[in-house]
There are 2 protein chains.
Amino acid sequence: MDTGFDLREHGGVDVFLRDCPTRAVLELIAGKWTMLVLVALEDGRPMRFAELRRRLDGVTAKVLTGTLRALEREGLLTRAVYPTVPPRVEYRLTALGREVGGLLQGITDWAQANVAAVVAAREEFDERAARPPAAVE
Amino acid sequence: MDTGFDLREHGGVDVFLRDCPTRAVLELIAGKWTMLVLVALEDGRPMRFAELRRRLDGVTAKVLTGTLRALEREGLLTRAVYPTVPPRVEYRLTALGREVGGLLQGITDWAQANVAAVVAAREEFDERAARPPAAVE
DNA sequence: CGGCATCCACCTAGATACTG
DNA sequence: CAGTATCTAGGTGGATGCCG
């Protein structure tokens, strides 16, 4: 899939540029479940499909499969199939994946630490919007 | 908007739980343009609407507006309107926003540094998938 | 157990046109 | 300049059912 974007023509890469492949990387992370998968596996311990499914409260099998495939494709995790019966499939991060996982964990940690402030800001914003714009300063 | 989720019932918060408000924070970041807005403003310098629009190659006015509103609502940035003519609107991150911005810059930096490895992994994966599954070793 | 196939509802983002 | 209004297409995610 050639996007017509040549790195060498750009003296480096820039996430802000529309056709730069880094955009694809960002959009991958932007997936609704990607961040949670990466954080769940971040400690290096491999996890089975069902285990991930349980951990990511609310994810469906289809979507989890898709997310895992996408991450495997980008080289962020590996999928190991043990042809036992019943089948056993383990997912674990690659070195590359562990790097992003660490960064993303920073984000989730921040979210957990600051959720109260965010919720408060949201409520204040909504209240402000609901009130009739009384006086203009 | 009460989701029925009470922080006090959960001895803390957990991004992995379905109705935890931290999920909303994560999904905000998951927006296609959110990350770029936050990183663009991360250095603290305020930017005008048109300036952001130019920086985020490919974004439309409508979507940028929506993204900025959402971030303002969560308390991550402020919107200052100067009633001059022509109008002048400046966006800048709040303290909270600067924190996330910094973390997200880590992600974009990583993406820019490792895009080659990711693209390579992707190509190898696709090639593997295209080939007839020769031997089942 | 760990999927894949199918169908569907939503919603986001994009294009376009118009306004204070 | 900095939006808003409207319409639409495509994709993402969700529910269900079947298979190796």
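All heavy atoms count here, side chains included; hydrogens, waters and symmetry mates do not. Letters A, B, ... mirror the listed sequences (proteins, then strands); counts begin at 1. Just so you know, these numbers come straight off a predicted model, no measurement behind them.
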Indicate every side-chain donor-acceptor pair of residues 33-44 of chain A with a distance under 3.5 Å to a residue at least two apart or in another chain.
| residue | atom | partner | partner atom | Å |
| --- | --- | --- | --- | --- |
| Thr34(A) | OG1 | Leu28(A) | O | 3.0 |
| Asp43(A) | OD1 | Arg45(A) | N | 2.9 |

(request) Take nucleotides 2-16 of chain C nucleotide by nucleotide from the 5' end and write B, S or -, depending on whether a protein heavy atom sits under 4.0 Å from the base, only from the sugar-phosphate, or from neither. (result) SSS-BB-----BBB-
(request) Of all the heavy-atom pairs spanning Gly75(A) and Thr94(A), show the shortest one and how long it is. (result) O-OG1, 2.7 Å
(message) When you measure from the side chain of Arg88(A) to the backbone of Pro83(A), do you find a donor-acceptor pair of N or O atoms at a distance under 3.5 Å?
(response) no
(request) Salt-bridge test for Glu27(B) and Arg23(B): reply yes if a basic N is under 4.0 Å from a carboxylate O, no otherwise. (result) no
(request) Give a yes or no on whether a salt bridge exists between Arg122(B) and Glu124(B), defined as a side-chain N under 4.0 angstrom from a carboxylate O. (result) no
(message) Show, in sequence, the C-alpha distance, side-chain angles and deciding distance for Glu90(A) and Arg92(A), and conclude whether the salt bridge (Lys or Arg N to Asp or Glu O under 4.0 Å) test is met.
(response) CA-CA 7 Å; Glu90(A) 284 185 352; Arg92(A) 79 188 66 203; 3.0 Å; yes
(request) Report the end-to-end axis angle of the helix from dC1(C)-dG20(D) to dG20(C)-dC1(D); each axis comes from five terminal pairs, and the value is rounded to 10°. (result) 60°
(message) Apply side chain to side chain contact (heavy atoms under 4.5 Å, CB included) to residues Arg79(A) and Val81(A) and explain how you reach the verdict.
(response) CA-CA 7 Å; Arg79(A) 176 173 179 272; Val81(A) 183; 3.5 Å; yes
(request) Answer yes or no: is there a donor N or O on one side and an acceptor on the other, between the side chain of Asp57(A) and the main chain of Arg18(B), under 3.5 Å? (result) yes
(message) Suppose the criterion is salt bridge (charged side-chain N to carboxylate O under 4.0 Å, His left out): which pairs have a residue in residues 59-71 of chain A, not counting sequence neighbours?
(response) none
Show me the side-chain donor-acceptor pairs of residues 110-118 of chain A shorter than 3.5 Å, one per line, residues at least two apart or across chains.
| residue | atom | partner | partner atom | Å |
| --- | --- | --- | --- | --- |
| Trp110(A) | NE1 | Asn114(A) | OD1 | 3.1 |
| Trp110(A) | NE1 | Glu99(B) | OE1 | 2.8 |
| Gln112(A) | OE1 | Val15(B) | N | 2.8 |

(request) Walking along DNA chain D from 5' to 3', note the first and the last nucleotide with an atom under 4.0 Å from a heavy atom of chain A, and give both. (result) dG13(D) to dG20(D)
